[in-house]
Amino acid sequence: MSKTSSISIPVLFDHQAFSRDLIVWYEKQKRNLPWRDNQDPYRIWVSEIMLQQTQVDTVIPYFKHFMNRYPTVYDLAQADEQDVLKAWEGLGYYSRARNLHEAVKEVVATYGGEVPGDKKELKKLKGVGSYTQGAILSIAFDQAEPAVDGNVMRVMSRVLMIDEDIAKPKTKTVFEDVIRDIMSQDNPSSYNQGLMELGALICQPKNPKCDECPVQTHCEAYAQGVQTDLPVKSKAKKQKEETYVALVLRGADGRYLIEKRPDNGLLANLWQFPLFSQSEFDETSLINHFETQYGASITITSRPGRVKHVYSHVIWHVDIIVAELNEAKPLDYEGEWIDLNTLSTYPLPNVQQKVLEKLSVN
DNA sequence: AACGCGGGGGA
DNA sequence: TCCCCAGCGTT
């Protein structure tokens, strides 16, 4: 016996009426967002990358600035990665920016600067997964492909009474298969965006506004009064905590030492005051380390405090040590000596902004 | 399938 | 606090 889909659509579900009601509502109620000005595939693409795991209101100013600075694929393809990261500074998930930059260069090199409207070619681009692929195809190219994100899984788990764990990867493919079969063929753009808009404005995680919902009559969870029990989602595990020491080192000429983070992992290619794991370096061993490793004498001048920063998978505690370098000879440390007022030209992660604020307050 | 990857909004 | 957000790449 062959493996069948693990869900079944409610018998009375009328997908055509659902589609019609959804699209009519969307066309009337949709928000005026900057990436809805036109169907420029590059513009849609940038917006979809920025919107990954990031709320609309957060994205708007970044999107406007980014499109102003890089209006076409050619502008972005020619940019330096450091400048692209600077434009992304504060938005988070910086690999999105690096992948988008790489992918845009690929589009210029391989596709003559035209964002491909082909399903397989689109998916090959760095940073384009199944959701973004479907979003670009439907919104920019009017192709009937599903674009299943968190909103869509929440909405459709309620409408169709699907109680599979949406935290599991397989569940998304289930939704994609179902939606591909039932979605509007005439207006996939408004269908997909309508589902997401509905999830954002009406069918919210807590306290869904069912009395305002345009598809209430189609919703099986509402009919059974279990809409707040869906979707089913297993809990993420708690973050680990890590402690670091940030060294704000002032050279004899009054400049400060900063370093570039590695080109992979957390905050890749962003800049920071030299950062040490506290399990390796406490206050005194840091002084010894500079003595033995670099033959440099440093003197701690202040301890302005500690910064806490929460990531999705780890919590950082960063102790700040301000010190002076006691010699004029150059330090063989992988980094740059800069005036503090030029620090703003480097892409800095938020945790380093917090360190900087601590310095100016004290 | 599980994990690493930012930062912020809202209850 | 906790959950969630127009997810993707790597392992």
Side-chain angles (χ1 to χ4, degrees), chain A residues 26 30-31 33-36 44-63 85 88-100 102-103 122-140 145-155 165-173 175-176 189 191-201 203-208 228 231-240 242 261-262 264-270 308-316 347-354:
Chain A
Y26 173 72
K30 65 180 174 186
R31 291 168 289 180
L33 301 174
W35 44 88
R36 289 179 176 163
I44 303 299
W45 181 11
V46 171
S47 75
E48 292 302 340
I49 300 298
M50 285 191 172
L51 286 161
Q52 289 168 8
Q53 298 291 286
T54 311
Q55 297 191 347
V56 165
D57 290 339
T58 303
V59 167
I60 290 173
Y62 282 91
F63 179 78
L85 286 173
W88 211 270
E89 182 187 77
L91 195 56
Y93 285 141
Y94 299 95
S95 66
R96 292 183 297 176
R98 299 191 298 130
N99 288 337
L100 174 62
E102 183 182 331
L122 209 46
K123 187 72 162 53
K124 285 183 199 165
L125 297 171
K126 267 286 178 61
V128 178
S130 66
Y131 162 77
T132 305
Q133 174 193 39
I136 295 174
L137 287 173
S138 61
I139 299 171
E145 288 292 327
V148 175
D149 69 340
N151 281 312
V152 173
M153 285 196 283
R154 181 173 61 257
V155 170
D165 184 356
I166 66 167
K168 299 208 174 299
K170 187 174 187 307
T171 304
K172 185 162 86 166
T173 68
F175 279 101
E176 287 169 344
S189 173
Y191 186 92
N192 284 339
Q193 293 189 81
L195 283 180
M196 294 187 275
E197 197 83 343
L198 192 65
L201 301 181
C203 196
Q204 293 151 331
K206 292 168 187 171
N207 308 319
T228 54
V232 173
K233 187 177 185 182
S234 54
K235 315 255 181 254
K237 36 180 235 182
K238 240 174 62 179
Q239 302 104 315
K240 294 177 182 174
E242 298 175 351
R261 291 180 60 82
N264 60 65
L266 184 61
L267 307 172
N269 288 355
L270 276 72
K308 178 184 179 183
H309 194 75
V310 177
Y311 298 101
S312 46
H313 62 299
V314 64
I315 298 174
W316 275 14
L348 285 190
N350 210 346
V351 62
Q352 292 293 320
Q353 305 281 6
K354 289 182 184 175

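Here is the naming used below: chain letters follow the sequence lines, and residue numbers restart at 1 for every chain.
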Are OP1 or OP2 of [N] and a side-chain N or O of [X] less than 4.0 angstrom apart?
{"X": "Ser312(A)", "N": "dG7(B)", "answer": "no"}
{"X": "His313(A)", "N": "dC3(B)", "answer": "no"}
{"X": "Lys308(A)", "N": "dG7(B)", "answer": "no"}

Quiz prompt | Any Gln193(A) side-chain heavy atom under 4.5 Å of Lys30(A) side chain | solution =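 No, their side chains stay 4.5 Å or more apart.
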
Quiz item: Is any side-chain heavy atom of Thr54(A) less than 4.5 Å from a side-chain heavy atom of Arg96(A)?
Solution: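 They are in contact (side-chain heavy atoms under 4.5 Å apart), so the answer is yes.
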
Touch check for [X], heavy atoms < 4.0 angstrom, all strands: base, sugar-phosphate only, or nothing?
{"X": "Leu91(A)", "answer": "base"}
{"X": "Ser130(A)", "answer": "sugar-phosphate"}
{"X": "Trp316(A)", "answer": "nothing"}
{"X": "Tyr311(A)", "answer": "sugar-phosphate"}
{"X": "Arg154(A)", "answer": "sugar-phosphate"}
{"X": "Ser95(A)", "answer": "nothing"}
{"X": "Gly199(A)", "answer": "nothing"}
{"X": "Lys237(A)", "answer": "sugar-phosphate"}
{"X": "Arg261(A)", "answer": "nothing"}

Can you identify which nucleotide, out of [options], has its nearest atom closest to the [X] side chain?
{"X": "Pro205(A)", "options": "dG7(C), dC4(C), dA6(C)", "result": "dC4(C)"}
{"X": "Lys126(A)", "options": "dG7(B), dG9(C), dA2(B)", "result": "dG9(C)"}
{"X": "Asn350(A)", "options": "dG7(B), dG6(B), dA6(C)", "result": "dG7(B)"}
{"X": "Thr58(A)", "options": "dG9(B), dC3(B), dC3(C)", "result": "dG9(B)"}
{"X": "Gln53(A)", "options": "dG7(B), dG6(B), dG9(B)", "result": "dG6(B)"}
{"X": "Gln55(A)", "options": "dG6(B), dT10(C), dC5(C)", "result": "dC5(C)"}
{"X": "Leu266(A)", "options": "dG6(B), dG7(C), dA6(C)", "result": "dG6(B)"}
{"X": "Pro169(A)", "options": "dA1(B), dC4(C), dG6(B)", "result": "dA1(B)"}
{"X": "Asp149(A)", "options": "dA1(B), dA6(C), dG8(B)", "result": "dA6(C)"}
{"X": "Lys206(A)", "options": "dC8(C), dC5(B), dC3(C)", "result": "dC3(C)"}

Rounded distance in Å - [atom1] ([X]) to [atom2] ([N]):
{"X": "Leu100(A)", "N": "dG9(C)", "atom1": "CG", "atom2": "P", "value": "12 Å"}
{"X": "Ile315(A)", "N": "dG4(B)", "atom1": "CD1", "atom2": "P", "value": "14 Å"}
{"X": "Met153(A)", "N": "dG7(C)", "atom1": "CE", "atom2": "C1'", "value": "9 Å"}
{"X": "Lys240(A)", "N": "dC5(B)", "atom1": "NZ", "atom2": "P", "value": "11 Å"}
{"X": "Lys124(A)", "N": "dC8(C)", "atom1": "NZ", "atom2": "P", "value": "18 Å"}
{"X": "Asn264(A)", "N": "dC8(C)", "atom1": "CG", "atom2": "C1'", "value": "16 Å"}
{"X": "Arg98(A)", "N": "dT10(C)", "atom1": "CZ", "atom2": "P", "value": "10 Å"}
{"X": "Arg96(A)", "N": "dG9(C)", "atom1": "CZ", "atom2": "C1'", "value": "14 Å"}

Exercise. Apply side chain to side chain contact (heavy atoms under 4.5 Å, CB included) to the pair Leu195(A) and Asn151(A), showing each step before the final yes or no.
Key: CA-CA 7 Å; Leu195(A) 283 180; Asn151(A) 281 312; over 6 Å; no

Quiz item: Can any side-chain N or O of Gln204(A) pair as donor or acceptor with the backbone N or O of Ala200(A) at less than 3.5 Å?
Solution: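 Here the side-chain-to-backbone pair exists.
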
Quiz item: Do any N or O atoms from the side chain of Glu176(A) and from the backbone of Pro146(A) form a donor-acceptor pair under 3.5 angstrom?
Solution: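 Between the backbone of Pro146(A) and the side chain of Glu176(A) there is no qualifying donor-acceptor contact (under 3.5 Å).
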
Practice problem: Using the P atom on both, measure dG4(B) against dA6(C) and round to a whole Å. | Solution: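 dG4(B) and dA6(C) have their P atoms separated by 24 Å.
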
Practice problem: Provide the distance between the two P atoms, one in dG6(B) and one in dT11(C), to the nearest whole Å. | Solution: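 dG6(B) and dT11(C) have their P atoms separated by 16 Å.
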
Quiz item: When you match Val128(A) and Leu33(A) each to their closest nucleotide on DNA chain C, which lands nearer the 5' end?
Solution: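 Here Leu33(A) is the residue nearer the 5' end.
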
Quiz prompt | Closest-nucleotide ordering on DNA chain B, the 5'-leading residue of Asn207(A) and Lys354(A) | solution =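 Whichever sits nearer the 5' end wins; that is Lys354(A).
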
Self-check item: Pairwise 5' ranking along DNA chain B for Thr171(A) and Val310(A), keeping only the more 5' one
Solution: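 Nearest-nucleotide comparison on DNA chain B picks Thr171(A).
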
Quiz item: Who is the Watson-Crick or G-U wobble partner of dG6(B), with both distances under 3.5 Å?
Solution: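 dG6(B) is unpaired by these criteria.
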
Quiz item: Does the side chain to side chain contact (heavy atoms under 4.5 Å, CB included) test come out yes or no for Trp35(A) and Glu48(A), once each step is laid out?
Solution: CA-CA 9 Å; Trp35(A) 44 88; Glu48(A) 292 302 340; 5.7 Å; no

Quiz item: Does a side chain donor of either Tyr311(A) or Gln239(A) reach within less than 3.5 Å of an acceptor in the other side chain?
Solution: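 Not at all, the side chains of Tyr311(A) and Gln239(A) share no donor-acceptor pair under 3.5 Å.
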
Quiz item: Do Tyr93(A) and dG6(B) have a side chain to base donor-acceptor pair shorter than 3.5 Å?
Solution: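 Per atom types, the contact qualifies.
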
Exercise. Count the heavy atoms of every other residue, nucleotide or ligand shown that sit under 6.0 Å from NZ of Lys308(A), and state whether that count exceeds 12.
Key: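 No, NZ of Lys308(A) has 12 or fewer neighbouring heavy atoms, counting only those of other groups under 6.0 Å.
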
